[in-house]
Amino acid sequence: MRLVGRERELVLLHEFVDDAASDGGALLIVGEAGVGKTALLDAAAAHAATIGVRVLRASGVEFEAEVSFAGLHQLLSPLRAELAALKPDYRRAIGVALGLEEGPPPDPLTLVNALLALLAGDASVLVVVDDLQWLDRASAALFAILARRLSGTGVGLLGVVRAGESRVFEDAGLAEIAVGPLDDDAAAALLAEAFPGLVPRAAQRVLTEAQGNPLALIELPAHLGSGVPEPSLGRTPVGRRLQVYFARQIDGLPGETRAQLLLAALDGTGELFPAISVSDLEPAERARLIHIHPITRGIQFRHPLTRSAIVRRSTDEERRQAHRQLANRHQADSQRRAWHLAEATSGPDEQIAQLLEAAALKTKGRGDPVGAMGLLLRAAELSPGPDDHHRRAMFATYLGADITGDLTAPNVLAAEASTGRSHTIAAAVAAAAYMVNSGGDIDTIHRLLLGALRNAGHPVRVWDAPLQEIVYVLQANCSFGSRADLVADYRAALDRLGLDPPEVLGLLGSTFLEPARLALPSLVRLDEAISGIGDQADHAHAVRLGIAAMYVDRLAGCRNALWRVVDHGRAGGAIASAIKAFALLGFDGLLSGDWDWVLSLAEEGLAFTTRHHYRLLGGFLQYDQAMVAAARGDRDTVRRITDDLVSWAAPNRIGFVLQLASHAKALAALSHGEFETAYHRAAEICSPETVPLYKPAALWVLLDLVEAAVRAGRMTEASTHVADIDTAGVAAISPRLALIAAGAAAMTAPGDAYRDAFDAALATTGASRWPFPQARIQLAYGERLRRAKATTEARKQLTDALDAFERLGAAPWAARARSELRASGLAHNQTPTRAMMDALTPQEREIAGLAAAGLTNKQIGERLYLSPRTVSAHLYNVFPKLGISSRAALRDALGDAPPSGSM
């Protein structure tokens with residue numbers, strides 16, 4: 001039957017298929033149930049076949065949305081033979097995801113690339129996916145990432161989703177076709193074409209009942225008998241009316257047919273079983289409930305509402321019997337077998353609970369913590385013993401709180417924590433993760449975790465998953481509290497366990513908790529771990545390595561892995577891990593000077609933290625915003641952000657956040673020449689020692705502390721701080737800290753010794769990776785040189801400092817450098833010359849022109865098919881070439897400067 005009233009949609013779909021065959025791309029068909037989305041999908045697939053495009057299909061199935069990678073399994077079933085042609089790492093990634101091979105979880109980007117390599121062969125491919133809202137979350141996240149990477153591949157992805165039911169895809173920024181009800185004329189035409197003999201009275205009743213819904217227009221008249229309509233269902237939604245009519249059709253089928261339909265509905269693979277004859281299903285095909293493929297003999301339900309009606313018309317015992325039959329079709333250790341057995345049982349069963357728990361750990365290892373959480377919760381339901389029930393339920397809750405982004409844990413977690421009733425490790429770690437991420441009281445969390453460790457039993461022989469997680473959360477809580485007593489308790493608890501911690505926990509215990517004291521012996525191991533991070537698919541593991549790298553300035557080696565975590569979170573994957581990756585990337589960008597990009601990143605990350613109630617991690621991103629504002633002279637923003645941070649961190653004794661607020665206040669005061677205030681703010685962090693062992697954030701404040709002391713005339717205090725920094729040996733940890741330590745020493749150097757000291761500082765290997773501290777050291781050097789009448793040398797240092805400050809947009813610092821240059825007798829010219837314009841590449845000129853016209857990085861990226869991050873990187877290069885420091889100056893710069901190649 002032709003698609004009546006869908007001419008516009010068909011034109012758009014044919015154009016998409018034609019374009020995707022050469023260039024690739026993704027498109028969503030969005031609409032309510034029954035409006036004909038699947039019919040449009042079929043039409044697009046048919047058009048693809050006529051122009052020689054290979055069509056691969058998959059569909060979300062309501063009753064197997066908990067089965068990890070079920071959608072991917074459907075899609076790739078016809079390609080099993082072609083997997084052998086992939087290179088080994090791609091073949092392994094797909095094999096592990098599908099459960100065909102054993103091994104570590106595949107990295108999502110590797111898995112996407114493997115999927116692209118499989119699909120993008122010699123011929124064009126169209127992937128059509130129906131009912132995206134019912135895809136398992138692992139497949140949905142994978143397909144969402146894939147959809148954004150199809151440009152230029154010759155692979156098209158066409159998906160169908162019910163309006164408002166799949167945030168993963170509807171928030172992915174993909175092109176959409178919105179499909180609504182048919183208008184009155186089209187509805188009447190469709191009904192007349194499908195049922196030409198329908199009497200006018202019955203036709204009008206159908207038109208009224210259907211409300212323009214094409215599926216209703218086709219299905220309802222079949223139930224009108226002699227033409228007299230059945231009683232109206234009033235305002236009942238069209239989908240519910242259709243389910244009633246489908247249910248009546250199902251009730252009229254033979255019992256064996258209904259039994260086989262139930263098996264097919266609950267299985268979701270679309271395959272015929274060896275024991276089923278086609279004749280058993282012919283009554284359902286004649287009733288237009290299913291379609292049996294003439295070659296593959298696979299079963300396809302004509303509409304998801306049919307599948308739902310079949311399941312809902314069955315009894316509990318019929319469903320359990322069907323699940324028992326389906327379980328026997330799968331391997332003994334497979335997730336599908338465990339899931340079917342769980343659905344088949346009617347009461348607690350420890351054997352099945354153990355199967356589900358084992359399947360959950362395998363599923364988490366395959367990169368799907370969401371699927372693991374669901375399996376653990378079902379295992380908890382089936383656990384006969386209360387301890388096993390509580391352990392499994394709490395570990396599932398922990399996965400939700402710390403990995404998947406689900407902070408909707410019941411209030412009982414916080415209640416148990418505050419009253420000390422969380423006796424098991426799993427319960428404690430779940431409650432603690434919930435409280436930590438939502439910004440709870442540090443001391444309450446600390447007592448809860450230590451109590452659980454004491455109850456772990458002695459001797460502890462194995463670092464099982466809950467034990468590892470509780471030690472990790474305890475480390476994080478000690479860091480956030482930033483007090484010596486918390487760290488001492490942690491060390492004592494670890495000693496009582498009597499076990500050497502796993503590698504990442506060991507690294508975190510040194511480079512994250514006490515880097516000034518313990519980092520040096522661990523750096524070789526950390527560098528080795530980071531060098532292998534590209535193969536790491538466990539998002540939690542990648543993030544923890546990033547945390548271990550944070551204070552010792554090794555985040556650059558983690559960037560690609562952290563971006564993969566962010567991309568997975570954007571696609572609806574591990575949300576909590578993605579938020580932590582946002583925070584780590586923000587810290588990295590703040591120190592490395594990519595401030596405009598940091599602000600963009602912080603804005604996106606804060607939207608995640610707000611949506612999912614991650615107040616603590618949101619505070620880290622607010623710190624990034626406050627620090628950029630402080631360096632750029634925006635005191636109002638600094639005051640607003642720091643007041644907010646203090647308001648919730650102080651009552652909960654979250655010392656780390658209070659230190660971040662003090663740091664932003666110190667830099668704001670330093671930027672505005674309020675040196676005494678800046679010194680006191682910095683000293684709040686660097687006390688009682690200059691480099692407190694339990695306050696690793698002090699490693700970010702050392703230059704501010706010494707510079708504020710010098711400029712405030714506190715030379716004695718400044719010299720003491722420099723001596724303390726030298727004694728602590730932090731210069732050996734990283735090039736940044738070597739630059740800071742040498743620069744601080746140069747600022748306090750007496751007499752003529754300052755020249756050698758500043759030269760040594762600026763000669764630090766990799767100093768240019770840290771433009772803000774480097775420029776501040778150059779400014780201080782230039783000031784000393786100018787006062788010593790070494791004007792030429794002073795101008796070089798001051799000019800280099802000014803260029804960096806302008807590139808960063810650090811206006812107060814640029815003004816200070818400009819003032820020093822004027823005092824040296826040199827006026828700084830900010831007008832771009834032709835040589836400056838000629839230094840721009842063609843792409844840089846194009847990006848600069850679009851930015852000058854007012855487009856955002858995202859808009860420029862969409863126009864030029866670049867990522868916003870790439871656009872930001874190009875502008876980062878453009879500003880210094882034009883001698884400007886902000887987007888606001890671009891228009892004047894491009895307008896006044898001679899065009900490239902002019903005479």
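By convention here, the first residue in the shown sequence is residue 1.
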- Once the angle between the rings of F772 and W595 is folded into 0 to 90°, is it parallel (under 30°), tilted (30 to 60°) or perpendicular (over 60°)? perpendicular
- Query: Is the closest side-chain heavy-atom distance between P515 and L699 below 4.5 Å?
  - Reply: yes
- Side chain S719, main chain T716, donor-acceptor under 3.5 Å: no
- Item | Ion pair R787/E783, N-O distance below 4.0 Å | no
- Item | Residues which pass ring-ring contact (aromatic ring centres under 6.0 Å, His included) with F512, listed by chain and number, not counting sequence neighbours | none
- Item | Ion pair check, E514 and R491, cut-off under 4.0 Å | yes
- Task: Mind listing the closest non-hydrogen atom pair of A683 and S687 along with its distance?
- Result: O-OG, 3.0 Å
- Message: Heavy-atom count check: over 12 atoms from other residues, nucleotides or ligands less than 6.0 Å from E604 CD?
- Response: yes
- Report yes if some heavy atom in the side chain of L555 is under 4.5 Å from a heavy atom in the side chain of L591; otherwise report no. no
- F608 ring center within less than 6.0 Å of F582 ring center: yes
- Message: Under a 3.5 Å threshold, yes or no: a donor from one side chain and an acceptor from the other, between D485 and Y694?
- Response: no
- Task: Check V646 against A661 and note the closest heavy-atom contact, atom names and distance.
- Result: CG2-CB, 3.9 Å
- Kindly say whether A626 contributes a backbone atom to a donor-acceptor pair with the side chain of R640 at under 3.5 angstrom? no
- Any cation-pi pair here, R784 with F758, using under 6.0 Å and within 45°? no
- So, Q475 and Y490: side-chain donor and acceptor under 3.5 Å apart, yes or no? yes
- Item | Over all atoms of both residues, closest heavy-atom pair of A668 and V638 | CB-CG1, 4.1 Å
- Is it true that R615 and D644 make a salt bridge, defined as a side-chain N closer than 4.0 Å to a carboxylate O? no
- Message: Please report the interatomic distance CG(L601) to CG(L590), rounded to the nearest 0.5 Å.
- Response: 11.0 Å
- Less than 4.5 Å apart, any side-chain heavy atom of P696 and any of L513? no
- Item | D594 and R807 ion-paired at < 4.0 Å | no
- Message: Contact between V566 and L585 at the side-chain level, heavy atoms closer than 4.5 Å - yes or no?
- Response: yes
Between side-chain atoms of residues 809-817 and protein atoms elsewhere (two or more places apart, or another chain), which donor-acceptor pairs fall under 3.5 Å?
{"from": "W813", "atom 1": "NE1", "to": "S671", "atom 2": "OG", "distance (Å)": "2.9"}
{"from": "R816", "atom 1": "NH2", "to": "L670", "atom 2": "O", "distance (Å)": "3.1"}
{"from": "R816", "atom 1": "NH2", "to": "S671", "atom 2": "O", "distance (Å)": "3.4"}

- Interatomic distance, CD1@I777 vs CG@D800, rounded to 0.5 Å, equals 13.0 Å
- Query: Given the rule in the side chain to side chain contact (heavy atoms under 4.5 Å, CB included) test, do V878 and I847 qualify, once you have shown the distances and angles that lead to the verdict?
  - Reply: CA-CA 9 Å; V878 165; I847 289 173; 5.9 Å; no
- Check step by step if side chain to side chain contact (heavy atoms under 4.5 Å, CB included) holds for D553 and I733. CA-CA 8 Å; D553 302 313; I733 293 176; 5.6 Å; no
- Task: Apply salt bridge (charged side-chain N to carboxylate O under 4.0 Å, His left out) to the pair E674 and R711, showing each step before the final yes or no.
- Result: CA-CA 9 Å; E674 299 170 359; R711 294 188 181 279; over 6 Å; no
- Message: Please check: side-chain N/O of T610 versus main-chain N/O of A607, any donor-acceptor pairing under 3.5 Å?
- Response: no
- Note on the structure: Closest non-hydrogen contact found for L584 with I547 is CD1-N, 3.9 Å
- Item | Separation of L798 CG from F805 CZ (nearest 0.5 Å) | 9.5 Å
- Step-by-step side chain to side chain contact (heavy atoms under 4.5 Å, CB included) determination, C686 to V691: CA-CA 6 Å; C686 297; V691 190; over 6 Å; no
- Counting only heavy atoms not in D643, do more than 12 fall under 6.0 Å of its CG? yes
- E707 vs R776 side-chain heavy atoms within contact, under 4.5 Å: yes
- State whether E793 and R755 are salt-bridged, where the test is any N-O pair (Lys NZ or Arg NE/NH1/NH2 against Asp/Glu carboxylate O) under 4.0 Å. yes
- Message: Using only atom types and a distance under 3.5 Å, with no angle test, would you say the side chain of D704 pairs donor to acceptor with the backbone of H663?
- Response: no
- Starting at CD1 of I654, measure out to CG of L660 and round the result to the nearest 0.5 Å. 11.0 Å
- Can you check whether L737's main-chain N or O pairs, donor with acceptor, with S734's side chain at less than 3.5 Å? yes
- Query: Using the ring of each side chain (for Trp, its six-membered ring), is W700 parallel, tilted or perpendicular to Y623, with breaks at 30° and 60°?
  - Reply: parallel
- Query: Do side-chain atoms of S482 reach the backbone of S479 as a donor and acceptor pair under 3.5 angstrom?
  - Reply: yes
- Query: Hey, mind stepping through L779 and Q797 against side chain to side chain contact (heavy atoms under 4.5 Å, CB included) and telling me if it holds?
  - Reply: CA-CA 7 Å; L779 173 60; Q797 298 299 331; over 6 Å; no
- Item | Side-chain (S662) to main-chain (L658) donor-acceptor, under 3.5 angstrom | yes
- How are the rings of Y679 and H721 set to each other: parallel, tilted or perpendicular (split at 30° and 60°)? tilted
- Message: As an exercise, state the distance from CG of L702 to CD1 of I685, rounded to the nearest 0.5 Å.
- Response: 10.0 Å
- Query: Would you call E503 and R525 a salt bridge, using N to O less than 4.0 angstrom?
  - Reply: no
- Query: Mind checking whether F656 and F620 have ring centres under 6.0 Å apart?
  - Reply: yes
- Over all heavy atoms of both residues, which pair between V701 and A682 is shortest? Give the atoms and the distance, please. CG1-CB, 3.9 Å
- Item | Residue pair E820 / R786, side-chain heavy-atom distance below 4.5 Å | yes
- Atom NE2 in H541, atom CD1 in I533: separation rounded to 0.5 Å? 7.0 Å
- Message: Less than 4.5 Å apart, side chain to side chain, heavy atoms only: is that true for Y754 and T748?
- Response: no
- Is S510 reaching over with its side chain to a backbone N or O of L507, donor-acceptor style, under 3.5 angstrom? yes
- Counting only N and O atoms by type, is there a donor-acceptor contact under 3.5 Å from the side chain of E844 to the main-chain atoms of T841? yes
- Show your working on salt bridge (charged side-chain N to carboxylate O under 4.0 Å, His left out) between R632 and D596 and close with a plain yes or no. CA-CA 11 Å; R632 290 179 170 177; D596 286 334; 3.1 Å; yes
- Donor + acceptor pair across side chains of E676, H680 (<3.5 Å): yes
- Between R795 and S824, is there a donor-acceptor pair closer than 3.5 Å when you use the side chain of the first and the backbone of the second? yes
- Item | Pairs where residues 715-735 contributes a residue and the test salt bridge (charged side-chain N to carboxylate O under 4.0 Å, His left out) is met, not counting sequence neighbours | R714-E717
- Is the closest side-chain heavy-atom distance between L606 and Q622 below 4.5 Å? yes
- How far apart are the closest heavy atoms of V730 and A516, and which atoms are they? CG1-CB, 4.4 Å
